[in-house]
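In this text the structure is predicted, and so the values were computed from the model without any measurement.
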Amino acid sequence: MFLISTALTPFWKMDGPVLFLGEWCRTLRVKPLWSKLDFRVAPYHWDDRTKLFRDYVYLQELYERCLPQLSAALNSLHRTDFSHRYWRILLGPWLNYFIPILFDRYESLRYAKERFEVSDTRVAASDLLDMIPQDMEAYPLFFTHDAYNQALYDEIIRRLDLFPRSGVEMDLASRIPVSPQVEVTDAPVRAGSGSIRRRIFAKIASAFPHPYLIASGVFGFSGQARLEILLGQIPFFPRRISIRPAKVQQLVREKIRLSEGGSAFERLLHVLIPRQIPVAYVENYPAAREAAKDAYPKTAKVIYTENADAADEGFKFWAAEQLEKGAVLGIGQHGGHLGTGKWNWYEDHQLRISDRYLTWGWKRDDTDKTDPAPATRLIRSAAAIRPDPRGPILFTWWGLVRYASKMFSAPVAGQCLGFLQDQIRFLQTLSDAVRRSVLLRFYPSDFGWEETQRLAESGIDVRISDGRQPLETELNQSRLFVGTYNATTFLETFSADYPSILFWNPDHWELRPDAEPYFDALREAGILFDTPEQAARKVEAVHTAVDDWWTSPEVQTAKDRFCRRYGLCSPNWLRVWRAKLHAMASAGSAAPRDSVH
């Protein structure tokens with residue numbers, strides 16, 4: 001059989017039996033081609049969800065073994081002497097994507113080799129060195145794109161000599177969109193209507209000391225300004241920097257050497273990390289470090305963020321160096337799934353790099369870092385969202401990447417097709433009369449799943465939002481929210497006491513044991529359902545009297561109990577947050593706290 005790894009048709013063979021490596025190959029855009037082929041789809045290794053969780057644990061352990069080696073190599077390259085914690089802050093987000101991504105591509109090929117007689121395949125003649133992201137912010141443009149994944153599969157096939165192959169002359173790197181980058185911009189951490197005010201404040205505030213540096217988007221402009229004034233300082237809103245792209249220097253990268261590793265995958269990983277690590281941490285390291293120093297205060301005692309540690313390179317460079325000098329890092333929960341999902345790489349990463357982790361109500365038994373605090377993001381949502389009894393039923397879909405990337409308990413790769421089919425089954429179960437009351441809102445990107453076309457092929461007629469209005473606006477124009485994923489939106493509607501019905505496949509959204517009773521209570525109250533048919537029948541039953549159902553004692557009790565645990569709100573949030581940040585300053589840094597505990 002001829003092996004097809006991605007949806008890029010120049011790498012396909014149009015005659016004879018073919019093996020698709022996964023459902024990510026069979027997009028509807030190329031259905032006129034693949035529907036005529038004699039094909040099979042290889043079984044996906046992470047359809048075994050027990051294996052997926054086991055692999056997550058293994059890959060986290062492998063990451064912990066790689067990090068000290070990479071830290072030492074980069075300290076040597078840049079003539080620095082920073083701690084593992086420093087390099088974890090810089091490299092952790094990228095490594096937590098790259099290691100599982102490479103492992104998934106490796107395992108998919110290994111499964112195909114073990115289970116099928118692959119006669120040949122096609123690989124690109126281009127070099128993976130031509131496809132290196134400038135920084136973490138750019139990396140999603142790569143791993144969500146067919147061209148990058150084709151290059152990864154090809155590299156693995158060549159290095160491990162897995163299958164007979166022929167070459168395709170194609171510049172894969174040119175197919176990946178790259179955002180324009182400049183040296184330093186005045187864009188705030190969260191752009192918006194307050195950007196001009198932020199710049200004015202930044203100019204004034206830069207002349208004053210800032211013991212508390214808050215790089216946040218959840219307080220709002222006025223909320224953060226009030227909080228910083230209560231803390232006794234002039235409000236400061238950090239600029240987001242972007243470094244001018246630099247060229248990859250192969251000779252420099254050859255100096256980054258990791259030990260050979262044990263398994264075939266680990267040896268492959270140790271070879272490819274130096275060939276894929278973003279430019280910001282190698283060739284552009286001096287420029288990024290200096291730009292970060294220019295954009296931020298010289299010193300800070302307490303640094304706080306929710307998600308600037310993920311892809312804001314200026315923040316990461318500056319904060320990592322400040323922690324080396326004794327600053328305290330507080331991180332606040334950014335969204336849903338954190339605290340409830342059975343595994344979530346970002347939660348584990350943030351716990352490792354922080355001194356204090358402020359949650360929306362929950363605590364973890366395996367660490368002393370978690371500390372409940374009012375969820376300012378939810379408080380703002382609660383003040384802004386109100387149902388319209390005459391409005392439609394707002395049905396939201398979530399965007400899932402075709403290729404495995406982020407490690408958390410959610411549908412992955414081909415399982416996303418099941419997720420999409422569940423949404424269609426929900427609409428199919430509704431009566432025509434109720435379906436006419438539905439407003440469907442897609443996620444801004446469908447990552448190549450072609451959701452609109454799949455919906456059209458199902459024959460369902462439903463009103464679709466154009467997506468131009470913010471979600472908040474459409475909620476205010478609707479009477480009922482239907483959510484299909486364990487993330488942030490339903491926490492926002494719960495906090496606003498907004499009528500909500502939820503459904504998702506519990507086999508693909510695994511929960512940690514201490515969260516299960518709270519979700520079970522939602523099921524018993526008729527808020528959460530395990531199948532789309534159950535949820536649709538509930539919508540049919542309550543859609544004409546939503547308020548009567550939502551305000552019933554059993555529904556309110558289950559929702560309120562859930563919010564106390566996972567959506568803590570308080571009208572006195574400013575006072576509480578000031579006390580939390582003061583406590584961090586008083587406690588001082590626990591560095592080097594390079595662990596969850």
Side-chain angles (χ1 to χ4, degrees), residues 1-9 11-13 17-27 30 34 37 39-59 62 96-124 128 131 142-165 168 172 263-269 271-273 276 345 400-408 410-419 447-449 508:
M1 303 180 76
F2 179 87
L3 177 67
I4 295 175
S5 302
T6 72
L8 292 179
T9 56
F11 296 85
W12 291 21
K13 185 178 180 181
V18 302
L19 174 68
F20 286 112
L21 195 57
E23 290 291 353
W24 53 84
C25 304
R26 297 195 309 138
T27 64
V30 293
W34 60 254
L37 296 177
F39 71 87
R40 293 185 64 182
V41 180
Y44 184 54
H45 67 108
W46 278 340
D47 280 345
D48 179 348
R49 300 286 294 191
T50 301
K51 178 183 186 297
L52 173 55
F53 179 62
R54 186 172 65 245
D55 286 345
Y56 172 72
V57 174
Y58 159 68
L59 294 170
L62 178 57
N96 271 288
Y97 272 86
F98 181 71
I99 294 174
I101 283 171
L102 185 65
F103 181 78
D104 170 74
R105 309 319 184 250
Y106 167 86
E107 281 286 273
S108 295
L109 291 169
R110 186 179 69 83
Y111 260 46
K113 185 175 179 63
E114 288 182 352
R115 289 161 174 76
F116 298 92
E117 291 291 331
V118 174
S119 58
D120 60 331
T121 190
R122 290 175 182 167
V123 299
L128 200 57
M131 306 182 75
F142 286 68
F143 66 70
T144 58
H145 203 283
D146 287 306
Y148 179 74
N149 286 285
Q150 183 71 51
L152 273 183
Y153 287 124
D154 294 351
E155 187 80 8
I156 297 168
I157 289 169
R158 277 194 298 262
R159 287 190 175 273
L160 302 183
D161 196 20
L162 292 178
F163 311 112
R165 55 198 178 272
V168 174
L172 292 173
S263 67
F265 169 71
E266 291 175 16
R267 292 192 295 272
L268 175 71
L269 174 68
V271 169
L272 293 188
I273 282 178
Q276 278 289 282
W345 81 267
L400 292 166
V401 179
R402 275 187 298 132
Y403 297 93
S405 55
K406 184 162 55 175
M407 293 292 279
F408 71 126
V412 59
Q415 295 157 17
C416 301
L417 282 178
F419 175 82
F447 300 106
W449 285 119
H508 288 167

The reported gap from CG in L400 to CD in Q415 (rounded to nearest 0.5 angstrom) is 10.0 Å

Stepwise, does the side-chain contact (heavy atoms from CB on, under 4.5 Å) test hold for N96 with K406? CA-CA 8 Å; N96 271 288; K406 184 162 55 175; over 6 Å; no

Quick check for you: to the nearest 0.5 Å, what is the distance between L269 atom CG and F98 atom CZ? 6.5 Å

Evaluation steps, ring pair (Phe, Tyr, Trp, His ring centres under 6.0 Å), between W12 and F39: CA-CA 12 Å; W12 291 21; F39 71 87; 9.4 Å; no

Within the 4.5 Å heavy-atom criterion, are M131 and L152 side-chain neighbours or not? no

Taken in chain and number order and not counting sequence neighbours, the residues that satisfy salt bridge (charged side-chain N to carboxylate O under 4.0 Å, His left out) with E117 are none

Does Y106 form a side-chain contact (heavy atoms from CB on, under 4.5 Å) with L160? I'd like the steps, not just the answer. CA-CA 10 Å; Y106 167 86; L160 302 183; 3.5 Å; yes

Are I4 and T121 close enough that some pair of their side-chain heavy atoms sits under 4.5 Å apart? no

Would you be so kind as to tabulate the donor-acceptor pairs closer than 3.5 Å made by side chains of residues 108-116, with sequence neighbours excluded?
| residue | atom | partner | partner atom | Å |
| --- | --- | --- | --- | --- |
| S108 | OG | D104 | O | 2.9 |
| R110 | NE | E107 | OE2 | 2.6 |
| R110 | NH1 | E114 | OE1 | 3.4 |
| R110 | NH1 | E114 | OE2 | 2.7 |
| R110 | NH2 | E107 | OE1 | 3.0 |
| R110 | NH2 | E107 | OE2 | 3.2 |
| K113 | NZ | L162 | O | 2.9 |

side-chain contact (heavy atoms from CB on, under 4.5 Å) assessment of I157 paired with R122: CA-CA 10 Å; I157 289 169; R122 290 175 182 167; over 6 Å; no

Verdict with reasoning, D146 to R402, per salt bridge (Lys or Arg N to Asp or Glu O under 4.0 Å): CA-CA 9 Å; D146 287 306; R402 275 187 298 132; 3.0 Å; yes

Are any of the side-chain heavy atoms of T6 and Q150 separated by less than 4.5 Å? yes

For T144 and N149, which heavy atoms make the closest approach, and how far apart are they? C-ND2, 4.4 Å

Work out which heavy atom in L128 is nearest to a heavy atom in Q276; give both atom names and the distance. O-NE2, 3.3 Å

How long is the gap from SG on C25 to CG on L19, to the nearest 0.5 Å? 8.5 Å

Decide side-chain contact (heavy atoms from CB on, under 4.5 Å) for D120 and R165; before the verdict, give the C-alpha distance in whole Å, the side-chain angles of both, and the deciding distance to 0.1 Å. CA-CA 5 Å; D120 60 331; R165 55 198 178 272; over 6 Å; no

Any heavy-atom pair between the side chains of V18 and M1 that's under 4.5 Å? no

What about Y56 and W345, are their ring centers closer than 6.0 Å? no

Once rounded to the nearest 0.5 Å, what's the spacing between atom CZ of R105 and atom CG of L21? 9.5 Å

Separation between OG1 of T27 and CH2 of W34, rounded to the nearest 0.5 Å: 8.5 Å

How far does NZ of K51 sit from CH2 of W46, to the nearest 0.5 angstrom? 6.5 Å

Which atom of P100 lies closest to which atom of S405, heavy atoms considered: CB-O, 4.4 Å

List the atom of P411, the atom of C416, and the distance in Å for their closest heavy-atom pair. O-SG, 4.1 Å

What orientation do Y153 and W24 show, parallel under 30°, tilted 30 to 60°, or perpendicular over 60°? parallel

So L172 and F11, do their side chains get closer than 4.5 Å, heavy atoms only? yes

Kindly indicate whether the side chain of V168, heavy atoms from C-beta on, has any atom under 4.5 Å from the side chain of V123. no

Could you pull out the closest heavy-atom pair between K13 and L37, with the gap in Å? O-CD2, 4.0 Å

With a 4.5 Å heavy-atom cut-off, do F265 and Y58 have their side chains touching? yes

Check: Y148 ring centroid to F143 ring centroid under 6.0 Å: no

Do the side chains of I99 and E266 get nearer than 4.5 Å, heavy atoms only? no

Minimal heavy-atom distance between H145 and A147, with the atoms involved, is ND1-N, 3.0 Å

